[in-house]
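Start at 1 and go down the list; that is how both ligands and their atoms are numbered.
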Amino acid sequence: MRIDIISVVPGLLDSPFSHSILKRARERGLLEVNVVNLRDHTTYARAQVDDYPFGGGAGMVLMIEPLVNALESLQRERVYDEIIYLTPDGETLNQPMANALSLKTNLLLICGHYKGIDQRFRDHFVTREVSIGDYVLSGGELAAAVMVDAIGRLIPGVLNDESSALSDSFQDNLLAPPVYTRPEEFRGWRVPEVLLSGNHKKIDDWRHEQSVARTKDRRPDLLDD
Ligand code: 6GU
């Protein structure tokens with residue numbers, strides 16, 4: 001999979017894809033991430049990419065022309081399955097959406113900044129608008145990093161233990177059960193005996209019970225649907 005990201009603050013995306021699981025995905029050639037600086041695609045003086053909103057008001061708006069220039073230069077190289085604008089008024093990212101996007105070949109993420117981007121770009125070029133939750137970030141970059149992480153780890157071959165993405169919280173609408181590792185006892189706090197029993201049927205049953213109990217307690221809304 002290839003993910004291109006258009007940003008006015010590309011430095012914010014210098015490191016998130018260079019560690020741990022996403023680093024390995026890129027090294028294995030399973031994921032390619034490319035950040036494009038919007039300022040490299042403007043024809044305005046002093047690399048200007050934003051301007052005051054028509055009608056007045058606070059904040060700046062990203063202009064349509066640099067966005068279209070950047071988009072069309074990328075589209076000369078490949079066809080995008082989705083052109084996604086990251087915005088707090090988009091559809092909220094969830095596990096089913098990440099699962100579906102992990103099956104695509106080419107994604108383009110557009111990060112807004114300031115007051116957002118000219119509505120005409122959204123109307124005529126964007127295929128999907130995504131938010132990562134009900135709070136406001138200063139720009140779309142951190143949201144883009146979250147999306148790339150949520151999607152990238154689902155690409156087949158990225159996680160070593162193929163079953164481990166399936167046992168995540170949310171993958172089956174249940175939160176993950178508690179986990180323990182050595183030592184068996186620390187300051188008198190013992191690991192639940194069932195996990196030391198070697199009885200895999202009992203362990204699976206216990207984990208499922210714990211998942212259901214945790215979900216009822218913390219996220220009863222997940223059990224409704
Ligand atoms: Cl995608 N962008 C911004 N600026 N804020 C957000 C967001 C996106 N998702 C949640 N808050």
Side-chain angles (χ1 to χ4, degrees), residues 1-19 21-22 31-39 41-42 48-68 70-71 74 80-104 106-155 168-171 175 218-219 221-222:
M1 166 184 289
R2 159 112 178 182
I3 303 179
D4 289 286
I5 306 173
I6 297 176
S7 165
V8 279
V9 200
L12 272 174
L13 296 167
D14 277 348
S15 138
F17 318 121
S18 303
H19 305 276
I21 288 167
L22 294 188
L31 172 66
E32 197 179 346
V33 184
N34 172 51
V35 181
V36 172
N37 188 344
L38 187 63
R39 292 188 198 282
H41 294 273
T42 182
Q48 186 183 351
V49 291
D50 57 355
D51 210 337
Y52 297 99
F54 281 126
M60 304 292 272
V61 177
L62 291 183
M63 294 186 285
I64 188 170
E65 190 190 313
L67 286 167
V68 172
L71 169 65
L74 289 165
Y80 290 96
D81 298 297
E82 298 274 13
I83 297 170
I84 299 172
Y85 173 48
L86 291 153
T87 175
D89 57 10
E91 178 189 359
T92 309
L93 177 66
N94 57 17
Q95 196 61 49
M97 196 197 297
N99 292 348
L101 291 173
S102 75
L103 302 173
K104 306 290 187 186
N106 296 311
L107 297 178
L108 177 56
L109 307 183
I110 318 273
C111 304
H113 241 267
Y114 320 114
K115 276 286 147 192
I117 69 177
D118 192 296
Q119 182 61 39
R120 290 167 292 186
F121 187 82
R122 297 171 71 164
D123 293 342
H124 299 290
F125 298 97
V126 167
T127 62
R128 195 153 189 183
E129 301 194 324
V130 176
S131 160
I132 63 162
D134 290 340
Y135 42 82
V136 180
L137 302 169
S138 351
E141 283 77 10
L142 297 181
V146 166
M147 275 194 83
V148 172
D149 189 290
I151 293 167
R153 62 191 294 284
L154 297 171
I155 299 170
D168 288 339
S169 284
F170 296 111
Q171 207 49 276
L175 301 183
R218 301 181 178 196
R219 293 294 307 276
D221 56 298
L222 293 177

Quick one: ligand 1 N/O to protein N/O pairs below 3.5 Å?
from: ligand 1; atom 1: 4 (N); to: Leu137; atom 2: O; distance (Å): 3.1
from: ligand 1; atom 1: 5 (N); to: Leu137; atom 2: N; distance (Å): 3.0
from: ligand 1; atom 1: 9 (N); to: Ser131; atom 2: OG; distance (Å): 3.4
from: ligand 1; atom 1: 9 (N); to: Ile132; atom 2: N; distance (Å): 3.0
from: ligand 1; atom 1: 11 (N); to: Tyr135; atom 2: O; distance (Å): 2.5

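- With Ile117 as reference, Leu62 is the one residue of Leu62, Val49, Asp50 to meet the side-chain contact (heavy atoms from CB on, under 4.5 Å) rule.
- Arg120 meets the salt bridge (charged side-chain N to carboxylate O under 4.0 Å, His left out) test with Asp118; sequence neighbours excluded.
- Here CG of Leu22 is found 8.5 Å from CD1 of Ile155. Values are rounded to the nearest 0.5 Å.
- Note that CG of Leu154 is 9.0 Å distant from CE of Met1, once rounded to the nearest 0.5 Å.
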For residues 2-13, tabulate all N or O donor-acceptor pairs below 3.5 Å that involve a side-chain atom, not counting sequence neighbours.
from: Arg2; atom 1: NE; to: Asp4; atom 2: OD1; distance (Å): 3.2
from: Arg2; atom 1: NE; to: Asp4; atom 2: OD2; distance (Å): 3.0
from: Arg2; atom 1: NH1; to: Glu32; atom 2: OE2; distance (Å): 2.7
from: Arg2; atom 1: NH2; to: Asp4; atom 2: OD1; distance (Å): 2.7
from: Asp4; atom 1: OD1; to: Asn34; atom 2: ND2; distance (Å): 2.6
from: Asp4; atom 1: OD2; to: Tyr80; atom 2: OH; distance (Å): 2.7
from: Ser7; atom 1: OG; to: Val9; atom 2: N; distance (Å): 2.8
from: Ser7; atom 1: OG; to: Val9; atom 2: O; distance (Å): 3.4
from: Ser7; atom 1: OG; to: Glu141; atom 2: OE2; distance (Å): 2.6

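- Sorted by first and then second residue, the salt bridge (charged side-chain N to carboxylate O under 4.0 Å, His left out) pairs with a member in residues 56-65 form an empty list; sequence neighbours excluded.
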